[in-house]
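Quick notes on the structure that follows.
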Amino acid sequence: RAGEVADRKRDAARVAEKILNEMTVTTNSNNSAASGKLKDGDREYQWTLRTENWNSSSGVSGIQQMSVEVTFPVRGQDYSVHLSTLANTQ
């Protein structure tokens, strides 16, 4: 079971990275959220994306933090992977 969870987490991280890459290019709104399902082979992953203004101590503005959570079941138990990135919206 541990090996199966590790494999699925690796795949879920790849899905999260894909979502972040796509949303970094297409999203330019502040404080937004999105969710959906993505099929990867014969597996389906539920994802949730949050975009928030990022407050920098250096006073830099126009930066957003985009965070995605990808959830997936393994043998009846839900697991998740979280990834975040910063994006310049200017």
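What you are looking at is a predicted structure, and each value in this text was computed from that prediction instead of being measured. Only this structure's heavy atoms are used, side chains among them; waters, hydrogens and symmetry mates stay out. When a residue number appears, it is its place in the shown sequence, counting from 1.
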Kindly give the heavy-atom pair with the smallest separation between [X] and [Y], and that separation in Å.
X	Y	answer
Pro73	Arg8	O-NH1, 3.2 Å
Ala12	Val81	CB-CG2, 3.9 Å
Lys9	Ser80	CE-O, 4.5 Å
Leu49	Met23	CD2-CG, 3.5 Å

To the nearest 0.5 Å, tell me how far Glu69 CD sits from Ile19 CD1. 11.0 Å
Point-to-point distance, once rounded to the nearest 0.5 Å, from CZ of Phe72 to CG of Leu38: 14.0 Å
Can you find a pair of side-chain heavy atoms, one from Asn53 and one from Gln64, that are under 4.5 Å apart? yes
Assess whether atom CZ of Arg50 is packed by more than 12 heavy atoms of other residues, nucleotides or ligands within 6.0 Å. no
According to side-chain contact (heavy atoms from CB on, under 4.5 Å), who are the partners of [X], at least two apart in sequence or on a separate chain?
X	result
Ser35	Thr48
Lys37	Glu44, Gln46
Ala16	Val68, Val70, Leu83

Results of side chain to side chain donor-acceptor pair (under 3.5 Å) for Thr71 - residues two or more places apart only: none
Once salt bridge (charged side-chain N to carboxylate O under 4.0 Å, His left out) is applied, what residue pairs with a partner in residues 10-20 remain, sequence neighbours excluded? Asp7-Arg10, Asp11-Arg14, Asp11-Arg43, Arg14-Asp40
